[in-house]
There are 2 protein chains.
Amino acid sequence: MEKDTSISEAFQAVMAANGDIPPKQQQVLAASLELFAQQGFDNTTTKQIAEKAGVAEGTVYRRYKNKDELLAGVLAPFMTQVLPNLIKEFAQQVVARPYLTRHEMISAIVQNRLDFIKENGAILRVLIREISVKNDLRSQFITHVGPLLRDNLFPVLDRLKANGELVDWPDSRIAQFMIGTMLTELVRAVLLPEDVSTAAPVIIEFIEKGLAPK
Amino acid sequence: MEKDTSISEAFQAVMAANGDIPPKQQQVLAASLELFAQQGFDNTTTKQIAEKAGVAEGTVYRRYKNKDELLAGVLAPFMTQVLPNLIKEFAQQVVARPYLTRHEMISAIVQNRLDFIKENGAILRVLIREISVKNDLRSQFITHVGPLLRDNLFPVLDRLKANGELVDWPDSRIAQFMIGTMLTELVRAVLLPEDVSTAAPVIIEFIEKGLAPK
DNA sequence: CGTAAATGAGTGAGTGCACACTCACGATAA
DNA sequence: TTATCGTGAGTGTGCACTCACTCATTTACG
């Protein structure tokens, strides 16, 4: 099992950091995530959350003042712990190797991150859905993830470009295509839930060829 | 201007077909679309819709029994008119030319469809957001779009594969990558609203190289 | 040690309100 | 007249949120 790239582990980490969070509060968070992912934030009532968590409704409001803070409580550990770790971990794997080929880099990224997307699909769906509508969440996301990519992914891309391993496109475009293509797996999972064929090799090949220099 | 690939035109078409819909009802539909796109379906009140449409709240309920039917009223013309026309139009352009290259096909698709995505971004956002949560909408979408792709896009892909112009991947995968990559432009527009650089050439090149045979 | 006081998690019936939806009525046109 | 469109005050309810309370655990102190 990897370091800290899954939600459940990240929840643990956050709880440990904050002095332990009572078990019922963990149940509330877990139930919220599950229901938000299934039904959407707006279609989920605090009563449902309480029921699923096996808790009284008042308990939901002990730690989180209102429903929006509860959403933040679910998403925050993901944004501040899971994503940063994910990206930094990748950077460590890769930065040490000065003569990386395009294939090596892209395999390294895609392979692990697909597992990540599959494992964290629920929270990703919630995040994406709410980002499209809540401005504060969106700007928070941008200020968190933007620098993360700039500092960890982009230098690697620049090096590969310098070595003639990668097309000479702006880093943001390359990131768009890499991340976007991986996220299409999320969409596929929503539209074709029965299909479980392993997609990694195909995705790696598509991205790799697509990003090859002319 | 193209045939019938934009929402506003499609609304007109639907109205013409149904015998003309009173102008206030059109305003209701337009206001609904705009608000749903900005705020999400659940965060939009019928009162807001009425205000924006310059109409009494009762008027909203004259044609549509409830809020869900109103959503359907917004999305239906898109699913049953706009998307089919879009895809069939493409097929007509392309099917007549037996020796199409990969580059020609992908340019033909991407070029127009990017405009389409930009023009219909609002309704696409609404559709995608609600599909992820409403099962009936999802299955309706699948049964509409699935056959459409099978009948119009897939034969072209098969022909190109036979001519050695395209990788030998399942058609659904190829469609996933093509459509998915184009949709990343929607995401980019949400996250970086200020950026308006023209992306078409880069996207064409990425898809074209990514789908080249080995 | 024993007991009292303080702390804070957990409870669930209760509250107020925002919202989706209704309906009796007016206006216009055929 | 009849039919259709539009109106907006009014209604019922489902929901987020509150609060006075219980109970268990920890701290204070003689």
Side-chain angles (χ1 to χ4, degrees), chain A residues 11-12 14-36 38-75 126 129-130 133-134 136-137, chain B residues 11-12 14-36 38-75 126 129-130 133-134 136-137:
Chain A
F11 276 155
Q12 308 298 346
V14 168
M15 285 157 197
N18 293 14
D20 43 7
I21 289 179
K24 299 224 170 184
Q25 298 295 335
Q26 302 181 24
Q27 291 166 29
V28 168
L29 283 179
S32 299
L33 171 56
E34 207 170 320
L35 288 170
F36 291 166
Q38 274 173 26
Q39 313 177 336
F41 175 74
D42 295 302
N43 296 318
T44 301
T45 69
T46 50
K47 197 180 174 199
Q48 285 179 308
I49 293 172
E51 272 171 18
K52 177 150 221 157
V55 141
E57 215 179 329
T59 307
V60 174
Y61 286 91
R62 176 145 294 274
R63 179 167 296 263
Y64 303 101
K65 272 212 317 291
N66 52 49
K67 213 182 150 194
D68 279 311
E69 282 197 6
L70 182 57
L71 175 64
V74 171
L75 294 182
V126 176
R129 222 183 111 85
E130 298 310 320
V133 145
K134 312 210 167 190
D136 52 337
L137 243 183
Chain B
F11 276 155
Q12 308 298 347
V14 169
M15 285 156 196
N18 294 12
D20 44 6
I21 288 179
K24 300 225 171 185
Q25 298 295 336
Q26 302 181 24
Q27 292 165 30
V28 168
L29 283 179
S32 300
L33 171 57
E34 208 170 319
L35 288 170
F36 291 166
Q38 275 173 26
Q39 315 177 337
F41 175 74
D42 294 302
N43 297 317
T44 301
T45 69
T46 51
K47 196 179 174 201
Q48 284 179 309
I49 294 171
E51 273 172 17
K52 177 151 221 159
V55 142
E57 214 180 328
T59 307
V60 174
Y61 286 90
R62 179 144 294 275
R63 177 169 296 262
Y64 303 101
K65 274 212 316 291
N66 52 47
K67 213 181 151 195
D68 280 311
E69 281 197 7
L70 182 56
L71 175 63
V74 170
L75 295 182
V126 176
R129 221 183 111 85
E130 297 311 320
V133 144
K134 311 209 168 192
D136 52 337
L137 244 182

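Chain letters run A, B, ... following the sequence lines, proteins first, then strands; residues in each count from 1.
Side-chain contact check for B:F41 versus B:V126: every heavy-atom pair is 4.5 Å or farther apart. With a 4.5 Å cut-off on side-chain heavy atoms, A:E130 and A:L71 count as touching. Using a 4.5 Å heavy-atom threshold, the side chains of B:R129 and A:V133 count as touching. A:L70 is listed as a side-chain neighbour of A:I49, based on a closest heavy-atom distance under 4.5 Å. Using a 4.5 Å heavy-atom threshold, the side chains of B:E51 and B:E57 count as separate. Counting heavy atoms from C-beta on, the side chains of B:K134 and B:D68 come closer than 4.5 Å.
For B:Q27, the side-chain hydrogen bond (donor to acceptor under 3.5 Å, both in side chains) criterion is met by no residue, not counting sequence neighbours.
Closest approach of B:T46 and B:K67 over heavy atoms only: CG2-CG, 4.2 Å. Smallest separation of non-hydrogen atoms from B:K52 and B:L35: CD-CG, 3.9 Å.
For the OP1/OP2 pair of D:dA16 and a distance below 4.0 Å, the side-chain nitrogens and oxygens of A:T46 include at least one atom meeting the criterion.
The nearest whole Å value for the distance from the CG atom in B:D42 to the C1' atom in C:dA18 is 15 Å. Atom C1' of nucleotide C:dT22 and atom NZ of B:K47 are separated by 17 Å, given to the nearest angstrom. We find that CG of B:N66 is positioned 17 Å from P of C:dC19, with the value rounded to whole Å. Rounded to whole Å, the distance from OH on B:Y61 to P on D:dG8 is 16 Å. Atom OH in B:Y64 sits about 16 Å away from atom C1' in D:dG6, given to the nearest Å. Residue B:D68 contributes atom CG, which lies 17 Å from atom P of C:dC19 at whole-angstrom precision. In this structure, B:K65 atom NZ and C:dC21 atom C1' are separated by 12 Å, rounded to whole Å. One interatomic measurement links the two molecules: CD of B:Q48 to C1' of C:dA20, which rounds to 13 Å at whole-angstrom precision.
Between its opening and closing five pairs, the helix from C:dC1-D:dG30 to C:dA30-D:dT1 changes axis direction by 10°, a value rounded to 10 degrees.
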Pick out the pairs of N or O atoms, protein on one side and nucleotides 9-13 of chain C on the other, that lie under 3.5 Å.
residue : atom : partner : partner atom : Å
C:dA9   : N7   : A:R62   : NH1          : 3.3
C:dG10  : OP2  : A:Q25   : NE2          : 3.1
C:dG10  : N7   : A:R62   : NE           : 2.9
C:dG10  : N7   : A:R62   : NH2          : 2.8
C:dG10  : O6   : A:R62   : NH2          : 3.2
C:dT11  : OP1  : A:K24   : NZ           : 3.1
C:dT11  : OP2  : A:A56   : N            : 2.9
C:dT11  : OP2  : A:T59   : OG1          : 2.6
C:dG12  : N7   : A:G58   : N            : 3.3

